[in-house]
Amino acid sequence: MIQALSVTSECAPLVKTGGLADVAGALPAALQEHGVAMRTLLPGYPAVLGQIGTTEVVLTYDDLFGGHAQVLAVEASGLDLLLLDAPHLFQREGSIYLGPDGKDWHDNPQRFAALCQVAADIAARGASGWQPDLVHCHDWQAGWVPYYLKRDGVATPSILTIHNIAFQGLAPMGLAAELGLMGHDLHRDGVEYWGHVSALKAGLVYADHLTTVSPTYAEELMTPAFGMGLDGVLKMRRGALSGILNGIDLSTWSPEVDAHIRNFKSPRGKAANRKALRDEFDLPESDGPLCVVVSRLTEQKGLDLLLEALPALLSRGGQLALLGSGNPALEDAFKNYDHPNVAVKIGYDEPLSHRMIAGADAILVPSRFEPCGLTQLYGLRYGTLPVVALTGGLADTIIPDTHATRVRGVATGLQFYPITAQALSSALTRLCDIFADAKLLSKMQRNAMAHPVGWEQSASDYAALYAQLLGTD
Ligand SMILES: Nc1ncnc2c1ncn2[C@@H]1O[C@H](COP(=O)(O)OP(=O)(O)O[C@H]2O[C@H](CO)[C@@H](O)[C@H](O)[C@H]2O)[C@@H](O)[C@H]1O
């Protein structure tokens, strides 16, 4: 068995703000079948500590970035966890990244540098006799791990997975010493980023291998349009960068077994869920497609384009039910969209997201960029046709309805490009046409449900990558 340490700031089902948590939560079980035993190092937020049973203390610190800390080992929700219990850093009300004022906690650089330091210590010296063969780091919050390993001369290989390059873990240069950065690394070929230091860049420069969550996003990241200032670094590391698609956890996201819905095996079984969904959102019966959005409401997700494109859907009797939260202006714009066929719930609600995806005819994902995207994968599994922008993982996971795919009878959804309101409008019109053609609709729904969206392939790819890094392939 390869022993791997996964380092992450969120992990489902214990703590989640987005897709990173789903991936970090699902990978260990998926890798188990491929000869990898994975432990997950996660901050001991109050919400996490409140959900677990008896723990064992496996490491203690008198002073970790300004306070006493310990690492607790515990098994919970099928995960083998190492929790960094550092009350001065993690025991606070509010979200895991933001204070009550909605702004980043001022000490986020130190909070996650502490997590990284502990990961590097476990790689170097072990915790209660356990030592990983490699460390798998997720996003900027784990970005300092590869740097600390190199700084301390620890040979354990590291992988950094980029789930979203928009978050770069910037800190003022003045914090360099406190974060444990060496003076000779504070330059543009090291951890410096336009006068700041960047945890993500440190990971990109120092990790032995980089992955991102789809092959198309891996290519996009090396272009100025998508690299968000880090495309040059990524181009330099082209040989060490690969794209491995995310999967979804089929034990919770499958219409046959989903605990939150009226279970079904074929698209016909969606009818009862559709009715329940209309009732729940107070939407009338209608002869157009019932579309859903389940999303963080941010610039990335392109939902401002949907606001502009909605008339194309509504004029054909289509409907929208939206669940999301984030940008206040977008929240208001959707809440105030005054139309009987538009219903909006602002908030975060996991069970409701299942009921929406089960009951809808289509799921809309008009993202400006999308490293992989999970909700279109849920849509496929439930025969809920994805209407997606042609970018990143959305390009890699949907077989678009085109003349050629119609002839071959293989389409699973709709794609639009360029990523504009106009192109989205025309995709929504095409969706209404497909919806009116019962035979075509049913074929596409069945194709979608048969499309593989689990972890098998990706877990095998990660396991092969681990073996390659360890020289055991
Ligand atoms: N209001 C709400 N209520 C309930 N559930 C909600 C919700 N809003 C969002 N979710 C859930 O949160 C998750 C979002 O995952 P995504 O992959 O779609 O995007 P995200 O941008 O967070 O993830 C980033 O990381 C992931 C993982 O690698 C990449 O797939 C993605 O492209 C990248 O941007 C899904 O499970 C979704 O159902």
Side-chain angles (χ1 to χ4, degrees), residues 6 8-13 15-27 30 95-97 136-142 160-167 200 210-218 220-221 226 228 243-250 252-253 258 260 292-303 321-327 330-331 334-335 344-358 360 363-382 384 386 388-389 391-398 453 455 458 462:
S6 166
T8 181
S9 57
E10 46 186 284
C11 185
V15 55
K16 167 169 166 176
T17 72
L20 163 62
D22 292 296
V23 173
L27 254 188
S95 103
I96 58 176
Y97 306 127
H136 189 157
C137 313
H138 297 277
D139 272 352
W140 76 264
Q141 293 89 346
L160 178 84
T161 295
I162 306 160
H163 296 266
N164 195 334
I165 202 144
F167 304 108
L200 183 66
L210 306 173
T211 69
T212 188
V213 287
S214 69
T216 294
Y217 193 59
E220 288 173 344
L221 279 175
F226 289 92
M228 300 207 177
I244 301 179
L245 271 180
N246 287 335
I248 59 171
D249 181 355
L250 295 176
T252 48
W253 285 102
D258 189 326
H260 303 293
V292 290
V293 168
V294 176
S295 184
R296 296 187 290 112
L297 301 181
T298 61
E299 163 85 11
Q300 173 192 348
K301 302 295 181 181
L303 294 164
L322 176 140
L323 169 65
S325 62
N327 178 321
L330 268 177
E331 288 185 359
F334 277 104
K335 270 192 303 202
V344 172
K345 291 194 197 280
I346 300 299
Y348 187 93
D349 188 334
E350 190 93 21
L352 176 58
S353 71
H354 286 247
R355 298 195 291 275
M356 292 173 73
I357 287 162
I363 180 157
L364 313 181
V365 193
S367 308
R368 292 195 163 82
F369 70 94
E370 196 59 78
C372 178
L374 296 174
T375 59
Q376 85 279 12
L377 301 180
Y378 303 151
L380 288 174
R381 194 66 271 286
Y382 288 69
T384 303
V388 303
T391 187
L394 302 173
D396 292 337
T397 53
I398 304 303
V453 289
W455 272 105
S458 313
Y462 278 116

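Counting starts at 1 for both ligands and their atoms, in listed order. The analysis underlying the following values was restricted to heavy atoms, covering all of them including side chains, and did not include hydrogens, waters or symmetry mates.
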| Does even one non-hydrogen atom of Gln376 get within less than 4.0 Å of ligand 1? | no
| request: State, with a plain yes or no, whether a side-chain heavy atom of His138 is found less than 4.5 Å away from one of Ser9. | output: no
| Which atoms of ligand 1 sit under 4.0 Å from any heavy atom of Val23? | 27 (C), 28 (O)
| field | Side-chain donor/acceptor of Glu10 to backbone N/O of Gly18, under 3.5 Å | value | yes
| Nearest protein heavy atom with distance in Å, relative to atom 37 (C) of ligand 1 | Thr375 CG2, 3.7 Å
| query | What part of Leu374, side chain from CB on, backbone N/CA/C/O, both or neither, has a heavy atom under 4.0 Å from ligand 1? | reply | both
| field | Non-hydrogen side-chain atoms of Leu297 and Lys301 separated by less than 4.5 Å | value | no
| query | Of all the non-hydrogen atoms in the protein, which one sits nearest to atom 11 (C) of ligand 1, and at what distance? | reply | Lys16 NZ, 3.7 Å
| note | Minimal heavy-atom distance between Ser214 and Gly392, with the atoms involved, is OG-C, 3.6 Å
| task | Give the residue and atom name of whichever protein heavy atom lies nearest to atom 10 (N) of ligand 1, and the separation in Å to one decimal. | result | Tyr348 CE1, 3.8 Å
| said: Quick test: of every protein heavy atom, which one is nearest to atom 21 (O) of ligand 1, and how far off is it to 0.1 Å? | reply: Arg296 NH2, 2.6 Å
| Do ligand 1 and Gly373 have nitrogen or oxygen atoms that lie under 3.5 Å from each other? | yes
| field | atom 23 (O) of ligand 1 [closest protein heavy-atom partner, distance rounded to 0.1 Å] | value | Gly19 N, 3.4 Å
| query | Which atoms of ligand 1 have any heavy atom of Asn164 under 4.0 Å away? | reply | 34 (O)
| message | I'd like to check which ligand 1 atoms, numbered from 1 as shown, lie under 4.0 Å from a non-hydrogen atom of Gly324. | response | 1 (N)
| message | With a heavy-atom distance limit of 4.0 Å, tell me whether Lys301 approaches ligand 1 through its side chain, its backbone, both, or neither. | response | side chain
| field | Identity and distance of the protein heavy atom lying nearest atom 38 (O) of ligand 1 | value | Tyr378 CE1, 3.5 Å
| message | Would you say that Leu27 contacts Tyr462 through its side chain, given a criterion of any heavy-atom pair below 4.5 Å between the two side chains? | response | yes
| said: How long is the straight-line distance from CG of Leu20 back to NE2 of His163, given to the nearest 0.5 Å? | reply: 5.0 Å
| Looking only at heavy atoms, which two atoms of His354 and Tyr382 are closest? And how far apart? | ND1-OH, 4.2 Å
| What atoms in ligand 1 come closer than 4.0 Å to a heavy atom of Glu370? | 31 (C), 32 (O), 33 (C), 34 (O)
| remark: For His163, the ligand 1 atoms with a heavy-atom partner under 4.0 Å come out as 24 (C), 25 (O), 27 (C), 28 (O), 33 (C), 34 (O)
| said: Aromatic contact between Trp140 and Phe167, with the criterion being ring centroids under 6.0 Å apart: yes or no? | reply: no
| query | Hey, does Ser295 sit under 4.0 Å from ligand 1 if you only count heavy atoms? | reply | yes
| remark: Counting heavy atoms under 4.0 Å, the part of Thr17 that contacts ligand 1 is neither
| message | On a heavy-atom basis, I'd like to know which of Asp249, Asn246, Val213 is closest to atom 27 (C) of ligand 1. | response | Asn246
| request: Can you sort out which atoms of ligand 1 are near Gly347, meaning under 4.0 Å from one of its heavy atoms? | output: 1 (N), 2 (C)
| task | Provide the number and element of each atom of ligand 1 under 4.0 Å from a heavy atom of Asp22. | result | 13 (C), 35 (C), 36 (O)
| field | Closest heavy-atom pair and its distance - Ile162, Leu221 | value | CD1-CD1, 3.9 Å
| note | On a heavy-atom basis, the closest approach of Ala26 and Trp455 is CB-NE1, 3.2 Å
| message | Keeping Thr384 on the side-chain end and Ile363 on the backbone end, is there a donor-acceptor pair under 3.5 Å? | response | no
| remark: Result for side-chain contact (heavy atoms from CB on, under 4.5 Å) between Leu245 and one of Asp396, Leu377, Val453 points to Asp396
| Closest approach of any protein heavy atom to atom 3 (N) of ligand 1, naming residue and atom | Asp349 N, 3.1 Å
| field | Polar side-chain atom of Gln141 near backbone of Cys137 as donor-acceptor pair, under 3.5 Å | value | no
